[in-house]
Colleague: 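I'd like to ask you about the structure that follows.
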Number of protein chains: 2
Amino acid sequence: MATGRTHRPATRSRGIPEATVARLPLYLRALTALSERSVPTVSSEELAAAAGVNSAKLRKDFSYLGSYGTRGVGYDVEYLVYQISRELGLTQDWPVVIVGIGNLGAALANYGGFASRGFRVAALIDADPAMAGKPVAGIAVQHTDELEHIIESNGVSIGVIATPAGAAQQVCDRLVAAGVTSILNFAPTVLTVPDGVDVRKVDLSIELQILAFHEQRKAGEETPEGGAPATSGRAAAVAAAAEAAAAADRKGPDGDVPAVMPA
Amino acid sequence: MATGRTHRPATRSRGIPEATVARLPLYLRALTALSERSVPTVSSEELAAAAGVNSAKLRKDFSYLGSYGTRGVGYDVEYLVYQISRELGLTQDWPVVIVGIGNLGAALANYGGFASRGFRVAALIDADPAMAGKPVAGIAVQHTDELEHIIESNGVSIGVIATPAGAAQQVCDRLVAAGVTSILNFAPTVLTVPDGVDVRKVDLSIELQILAFHEQRKAGEETPEGGAPATSGRAAAVAAAAEAAAAADRKGPDGDVPAVMPA
DNA sequence: ATGTCTTTGTGAACGCGTGCACAAAGATGG
DNA sequence: CCATCTTTGTGCACGCGTTCACAAAGACAT
């Protein structure tokens, strides 16, 4: 997962463990898909399968929210969608600013999943004066000078940083000073923030390196002496995969696009 | 962090805990920055600060790799860079394919951090026939029909999925069947893969929802009765932040750009 | 050579998260 | 109203990851 929380040791927020909070959006997505298919109830077993988790874990997760299920029947889909949405704070609108409108920033701005989940792009901010006024995803880019003004007048509490690494900390400091208390960081840097501010980072490079580690391990496992790796292991994987691929008919839950509008 | 591993319970890969593996890229980045500044050695304390972790944790992490430090002195930067690179499998080149060249796919293709870390974009693949042949980031986009051929002839073992959610599982199945054993998934779907295949997901929507949860909690904490939240809490945060911002002079480690070339 | 001072490497304790397995709850049918 | 069957909610145990705290190792000065 390209995610990684930063500071803030635990989160007994109200007894809800951090690990559970991280899974709630997953459940919500699966439930939304069921809701769209007008499915009235689901068992923990079914929902767990859809979300790709253990059913016992799911039940325990829900138990932190309260007893919303009916024994012998399962969970009411609509009710659960509401409860989770409320718990995650998605019943209100969250204005978000994106700083750094490069390729990634623009891609994020175009992300359709924002509005559908209660997030609204309040502003796009870039340091390049040439970008100012240019429309991206239907919103005019504003210059960094306006940052504080934008944050304060819109009551923005969530900021997305998509700048180069060199500018990230500075942007972060300005966001925080202006009142932002949650930051999603796409820049490959460790951000330092005061207590009370949450930072989550998304780092492509780190994700790839973790995959490379496991990939190397797999290759080395079945090729004892050093030779051309990633070949002997491959044949076996392909065989196992062919069968799995053939059995894969289930279609994607919803028509959602990834973190960005694909062509 | 916007990351999340999927199956594969533990990873005693060779005794190296999964949590440690996930931090190695972080250390590597900090070390690379030190190396560029020609710093010969670092103490665990200094390096830990740069990587944003606890120094005891860092030492324990390194202890899994072997005893590469010198008591009373610290760690040799160059040597450590080499050891971590080797452990992560970055001494070899990893060809990568990106499937789904929409806004995000294109942004990823433009990501400069690929090559610098041992990853090479072997091909860009999209289902839209109109995209075929069109150059993105200097590479001609190829049609999905070529997928199996590309994977096999280039020996690709890592695939990046940036398609809409509806197409993700199908693309995943084809990648796996063709020999890919590591997948980085940007589509908002749970992917089902056979054993032996690693999946990591990056999900903007989930990250934002997690932030929203904490944001809501912060707002509710200091505003007992329901009213206009996220306002009283803000003032305190701003005050605390101003001081922190003023004390922030350290410049970004390297000139790396985020998951994409910014304008 | 010896003593001091710094910094590593790790034993041990603790806490969180996971998964098993089962009792309790409630629906459903007779 | 009772029996049966399904599915939830959770007590418990286990394992991983984190952190503390300190002994051992080595550099460095005298």
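Chain letters run A, B, ... following the sequence lines, proteins first and then strands; every chain starts at 1.
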Colleague: Any protein N or O atoms within reach of nucleotides 27-30 of chain D? Criterion: under 3.5 Å, listing atom names and distances.
Modeller:
none

Colleague: Relative to the 5' end of DNA chain C, which residue comes earlier, A:Arg59 or A:Thr20, by the nucleotide with the nearest heavy atom?
Modeller: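 Closest to the 5' end, via its nearest nucleotide, is A:Thr20.
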
Colleague: Measure from OH on B:Tyr68 to P on C:dG9 and round the result to the nearest Å.
Modeller: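 Interatomic distance, OH of B:Tyr68 to P of C:dG9: 11 Å.
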
Colleague: Any donor-acceptor pair under 3.5 Å linking the side-chain atoms of B:Gln209 with those of B:Ser205?
Modeller: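 Yes, B:Gln209 and B:Ser205 have a side-chain donor paired with an acceptor closer than 3.5 Å.
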
Colleague: Side chain to side chain donor-acceptor pair (under 3.5 Å) with A:Asp198: which of B:His214, B:Lys218, B:Arg217?
Modeller: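 Among B:His214, B:Lys218, B:Arg217, the one that satisfies the side chain to side chain donor-acceptor pair (under 3.5 Å) with A:Asp198 is B:Lys218.
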
Colleague: Just by distance, no angles: are the side chains of B:Tyr82 and B:Glu78 close enough, under 3.5 Å, to form a donor-acceptor pair?
Modeller: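 On atom types as modelled, these side chains do not qualify, holding no pair under 3.5 Å.
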
Colleague: Would you say the side chain of A:Lys60 and the base of D:dG9 hold a donor-acceptor pair, judged only by whether the two atoms sit under 3.5 Å apart?
Modeller: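 For A:Lys60, whose side chain was compared with the base of D:dG9, there is no donor-acceptor pair (under 3.5 Å).
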
Colleague: What is the distance, rounded to the nearest whole Å, between atom CG of A:Leu58 and atom P of C:dG17?
Modeller: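 So the two atoms are 16 Å apart, to the nearest Å.
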
Colleague: Distance check: side-chain N/O of A:Asn54 vs OP1/OP2 of C:dC20, anything under 4.0 Å?
Modeller: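 For C:dC20, OP1/OP2 do have a side-chain N/O of A:Asn54 under 4.0 Å.
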
Colleague: Which residue pairs satisfy the salt bridge (Lys or Arg N to Asp or Glu O under 4.0 Å) criterion with at least one member in residues 48-71 of chain B, sequence neighbours excluded?
Modeller: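 Sorted pair list: B:Arg23-B:Asp61.
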
Colleague: Could you go through B:Phe186 and B:Thr163, starting from their C-alpha distance and side-chain angles, then the distance that decides it, and tell me whether this counts as side chain to side chain contact (heavy atoms under 4.5 Å, CB included)?
Modeller: CA-CA 8 Å; B:Phe186 285 86; B:Thr163 66; over 6 Å; no

Colleague: Of all the nucleotides listed (D:dG17, D:dT18, C:dT10), which has the minimum atom distance to the side chain of B:Lys57?
Modeller: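 Selected nucleotide: D:dT18.
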
Colleague: Expressed as a whole number of angstroms, how long is the span from A:Leu65:CG to D:dT10:C1'?
Modeller: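 Nearest whole value for this atom pair: 15 Å.
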
Colleague: What is the separation between atom CD on B:Glu45 and atom P on D:dC20, rounded to the nearest whole Å?
Modeller: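 The answer, rounded to whole Å, is 11 Å.
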
Colleague: Compute the centroid of each ring, for A:Tyr68 and then for A:Phe62, and state whether the two points are separated by less than 6.0 Å.
Modeller: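 Not close enough - the centres of the two rings lie 6.0 Å or further apart.
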
Colleague: Output the rounded distance in Å from CZ (B:Arg23) to P (D:dC16).
Modeller: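 About 15 Å, once rounded to whole Å.
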
Colleague: Output every pair passing ring-ring contact (aromatic ring centres under 6.0 Å, His included) with a member in residues 28-57 of chain A, not counting sequence neighbours, ordered by first then second residue.
Modeller: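 Residue pairs with at least one partner in residues 28-57 of chain A: there are none.
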
Colleague: What nucleotide among C:dG17, D:dT8, C:dG9 has an atom nearest to a side-chain atom of A:Ser43?
Modeller: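 Output: D:dT8.
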
Colleague: Classify the nucleic acid contact of A:Phe62 as base, sugar-phosphate or nothing, counting any heavy atom under 4.0 Å across all strands shown.
Modeller: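 It contacts nothing in the nucleic acid.
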
Colleague: Mind calculating the distance between OH (B:Tyr64) and C1' (C:dT10) to the nearest angstrom?
Modeller: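 It works out to 10 Å between those atoms.
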
Colleague: Return the nearest nucleotide to the side chain of B:Tyr75; candidates are D:dG17, D:dA21, C:dG9.
Modeller: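 Of D:dG17, D:dA21, C:dG9, C:dG9 is nearest to the side chain of B:Tyr75.
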
